[in-house]
There are 2 protein chains.
Amino acid sequence: MDAVDRQILTLLVQDGRRTYDDIATRVALSPPSVRRRVDRLQADGALHGFTAILDHAALGWTTEALVELFFAPGTLLEEVAATLRDYPEVVEAWSVTGEADAIARVRTRSNADLERLIRALQEDGSVLRTRSQVILSALVTRPASA
Amino acid sequence: MDAVDRQILTLLVQDGRRTYDDIATRVALSPPSVRRRVDRLQADGALHGFTAILDHAALGWTTEALVELFFAPGTLLEEVAATLRDYPEVVEAWSVTGEADAIARVRTRSNADLERLIRALQEDGSVLRTRSQVILSALVTRPASA
DNA sequence: GCTGAAAAGTATTTTCG
DNA sequence: CGAAAATACTTTTCAGC
C-alpha cells in the first residue's frame, strides 16, 4: 500500500469506470501494472468494489431520516440487525455509543411512509422506542478519500 | 424511466464496472441501446456517476461518529456548510429536524483525532455545542436500490 | 516481489438502416 | 432500436529488473 496505490484509489473514487489506460497514464505505470494493483487492493480488502451513484430523490425516494433506536433490555445486536435488514427502507444502521443503542438511516417515498416504517419498527419487538431526525438538506457530501 | 432502466441501474449499483455487453444480455437489449439508456439516465440526473467502494477501516480510518451540531442563534446554513467542508474528516452532513440543527458524519484515524476534531468544530464559531454518537459496528450496509 | 511491451481477446462506439 | 465495422480497452504472455 504505497502512494501510487492511494493515487489509484483516489482516481477510482472520482470515477469508478475510469480505464486502466487512463489511470496508467496518470500514475506513470503501464495498464497491466495498474490492473494488478487494483486486483491486489481488492484482495487485501482495501477496495471492496465499484458501484453506481444514484440520485435517490430523483428516483422518488424523497424522504430521508436518521432514526435512533432504543432496545428492550437484553436485546441482541444480531437480532435487531436481522429485523432492520427486513426493511428495504433501511439503508444503513450502526450500533452506537450514547443514549440510543443504534441509529438507522432510512429512505422512504414520503413522510407518510416514514411514519409507517417507524411504527412497524416499534411494533416489531426488540425496538422499544425511536427518536427521528428528518434530513432537510445535504450540507456536505464528499466522495470517500484514500 | 421504465422497468429496463431500473434494471440497468440495479445492475450498475451491484457492479459499477459491469460491461454494456453483460448488461445488454441480462436486459435483452443490444450494447449500444444500453449505453444510450445509461447516458440518458445520467443526463436526466437519476444516475450521478460511478465510484469505488473503499474499506475505510482497512485504510486506517478506524473511528467513525455521528456528531449532532447545535448552532448559535442566527447562524446561516451555508456558513456552517462551508466550515464543515474545511474538515476532510467530515464525510457527510445534513441539516435536520429535531433538537440538533445538523448532523455530521465524520471519520478519523483515532479517537484522539475525533476529540480534536470536535474541539475544533466547537471553537470554529457558529457551532455552540455538539453531541456525539461513536459508531461501534455496522448492523446494515445496503447497496442503494433503484 | 515488482515492472512493461506486444499480441490476442473483448468491449465500446460509431455509422447506418 | 440493432447489426456491423472501426476503434479502444483489457488481459495474457513472456521477459527483465
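- For B/Asp21, there are no side chain to side chain donor-acceptor pair (under 3.5 Å) partners two or more places apart in sequence or in a different chain.
- Residues from residues 23-37 of chain B that place a heavy atom under 4.0 Å from any atom of DNA chain C, listed by number: B/Pro32, B/Arg35.
- Residue pairs that meet the salt bridge (charged side-chain N to carboxylate O under 4.0 Å, His left out) test with at least one member in residues 45-71 of chain B, sequence neighbours left out, are B/Glu64-B/Arg105, B/Glu64-B/Arg107, B/Glu68-B/Arg131.
- Every residue two or more places apart in sequence or in another chain that forms a side-chain contact (heavy atoms from CB on, under 4.5 Å) with A/Ala112 is listed here: A/Ser110, A/Arg116.
- Evaluation of the salt bridge (Lys or Arg N to Asp or Glu O under 4.0 Å) rule for B/Arg119 yields B/Glu115 as partners, not counting sequence neighbours.
- Atom pair B/Asp39:CG and D/dC1:P shows a separation of 12 Å (rounding to whole Å applied).
- Atom-to-atom, OH of A/Tyr20 to P of C/dT10 comes out at 16 Å; the value is rounded to the nearest Å.
- Applying a 4.0 Å cut-off to non-hydrogen atoms, none of the residues of residues 1-13 of chain A approaches DNA chain C.
- Five base pairs at each end of the helix from C/dG1-D/dC17 to C/dG17-D/dC1 define two local axes, and these are offset by 30° (rounded to 10°).
- The phosphate of C/dC2 (OP1 or OP2) has a side-chain N or O of A/Arg40 nearer than 4.0 angstrom.
- Protein atom CZ of A/Arg18 is 18 Å distant from nucleotide atom P of D/dA8, rounded to whole Å.
- B/Asp39 is linked by a salt bridge (Lys or Arg N to Asp or Glu O under 4.0 Å) to B/Arg35, counting only residues two or more places apart in sequence or in another chain.
- Evaluation of the salt bridge (Lys or Arg N to Asp or Glu O under 4.0 Å) rule for A/Arg109 yields no partner, not counting sequence neighbours.
- The distance from atom CG of A/Asp21 to atom C1' of C/dT12 is 13 Å, rounded to the nearest whole Å.
- Applying the salt bridge (charged side-chain N to carboxylate O under 4.0 Å, His left out) definition to pairs two or more places apart or across chains, none involves residues 132-146 of chain B.
- Following chains of ILVMFWY side-chain contacts shorter than 4.5 Å, one cannot reach B/Leu114 starting from B/Trp61, and the two form parts of different hydrophobic clusters.
- Applying the salt bridge (Lys or Arg N to Asp or Glu O under 4.0 Å) test to B/Glu78 and every residue at least two apart in sequence or in another chain returns B/Arg85.
- Summarising the geometry, the separation between CZ on B/Arg17 and P on C/dT12 is reported as 10 Å, rounded to the nearest angstrom.
- The cluster map of Ile, Leu, Val, Met, Phe, Trp and Tyr, joined by side-chain heavy atoms under 4.5 Å apart, puts B/Phe50 and A/Val13 in different clusters.
- By the 4.5 Å side-chain criterion applied to Ile, Leu, Val, Met, Phe, Trp and Tyr, B/Leu136 is assigned to no cluster and stands alone.
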